[in-house]
Amino acid sequence: MASPGERFRAALEAERPLQVVGVINAYAALLAERAGFRALYLSGAGVANASFGLPDLGVTNLAEVCEDARRITSRTDLPLLVDADTGFGSALGIQRTVREFERAGVAGLHLEDQIAAKRCGHRPGKGLVDAAEMCDRVKAAVDARRDAAFVIMARTDAVASEGVPAAIDRANRYVAAGADMIFAEALTSLDDYRKFTAAVKVPVLANITEFGKTPLLTTKELAAAGVRLALYPLSAFRAMNRAAESVYAAIRRDGTQQSVVDQMQTREELYTVLDYHRYEHLLDQLYPEK
Ligand SMILES: C[C@](O)(C(=O)O)[C@H](CC(=O)O)C(=O)O
Ligand SMILES: [Mg+2]
């Protein structure tokens, strides 16, 4: 079979823009696969928020992110893009990140030009490293990959503090350093995406995260602006949280779940997604009933 990186690149050719959808765990990955997506995303915020109940402020480490990634890649062949924040260390740390991600079956990563004390891209107070330091991060990542198809995506958070032209300039420097794709973070208009894609000669990703700085642009609009990848990092996670909140509240309030059962996925539906009956059948064969 093609390598994960090759599968990601093939997906990018098959769809414009390629929709890359966030999955916070392996079960969500199965749901996304059934919905027809061609590429998946493990969000740094998702790992921090969902797996650890922590804010997305650079508090999770390589091993923790890898573990979440591995659980997803062991259950689906869809290529998985993983958020590596600022890379988990300096040059040697970044090299280790790339190797561990490759070993975990990941298709590619994105690295951002924020300082190590990173913030969410859509929040104030982001600090940046200079472009030269970010280029060193990109070079370290490119040198480390064993599969040439493993995707090294450079994310620039510079729009907020330096403006669009300076962010484009940074993006082009990251491409010259070897970045395969550019993650243009927290752009505020379609026109700014147009400026990016006109000036940057590799595929550009738009992060369509809710309640942030970027309007909820459609794939049609993004395609017309030349955007090649559309990311939905936490959409399903936010909806799951709302659903869980309402179920917990109802059970606590009513002393029964009767009013919310019709909001639930049924046991049979759960099993269908898991392919439960195939596993059960296997078990029956291994241990026939006496
Ligand atoms: C894409 C992102 O890096 C993530 O970790 O998912 C976040 C998403 C978000 O907080 O909405 C980011 O944009 O910084
Ligand atoms: Mg992130």
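Note that this is a predicted model, so its numbers are computed, not measured. Just so you know, ligand 1 is whichever comes first in the structure, and atom 1 is the first atom listed for that ligand. No hydrogens, no waters, no symmetry mates; every other heavy atom, side chains included, goes into these values.
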Solution key, residues 225-233 side-chain donor-acceptor pairs under 3.5 Å, sequence neighbours excluded:
{"from": "Arg228", "atom 1": "NH2", "to": "Leu12", "atom 2": "O", "distance (Å)": "3.1"}
{"from": "Tyr232", "atom 1": "OH", "to": "Gln19", "atom 2": "NE2", "distance (Å)": "3.2"}

(message) Which protein residues come within less than 4.0 angstrom of ligand 1, counting heavy atoms only?
(response) Tyr41, Ser43, Gly44, Ala45, Asp56, Asp83, Cys120, Gly121, His122, Arg155, Glu185, Asn207, Thr209, Pro233, Leu234, Arg238

(message) Counting the benzene-type ring for Trp, do Tyr276 and His281 have ring centres under 6.0 Å apart?
(response) no

(message) If the condition is salt bridge (charged side-chain N to carboxylate O under 4.0 Å, His left out), which residues does Asp83 pass it with, not counting sequence neighbours?
(response) none

(request) Compare every heavy atom of Met134 with every heavy atom of Glu112, then report the nearest pair and how far apart it is. (result) O-SD, 3.5 Å

(request) Could you tell me which non-hydrogen atom of Leu18 sits nearest to which non-hydrogen atom of Ala11, and how far apart they are? (result) CD1-O, 3.6 Å

(request) Inspect the contact between Asp191 and Lys195 and indicate whether a charged nitrogen and a carboxylate oxygen are less than 4.0 angstrom apart. (result) yes

(message) Regarding Asp113 and Arg170, does a basic nitrogen lie under 4.0 Å from an acidic carboxylate oxygen?
(response) yes

(message) Can you tell me which residue among Ile94, Leu111, Leu62 is in a side chain to side chain contact (heavy atoms under 4.5 Å, CB included) with Phe88?
(response) Leu62

(request) Can you list, by chain and residue number, the protein N, O or S atoms under 2.8 Å from the Mg ion (ligand 2)? (result) Asp83 OD2

(request) Indicate whether the side chain of Arg252 and that of Tyr248 have a donor and an acceptor atom separated by less than 3.5 Å. (result) no

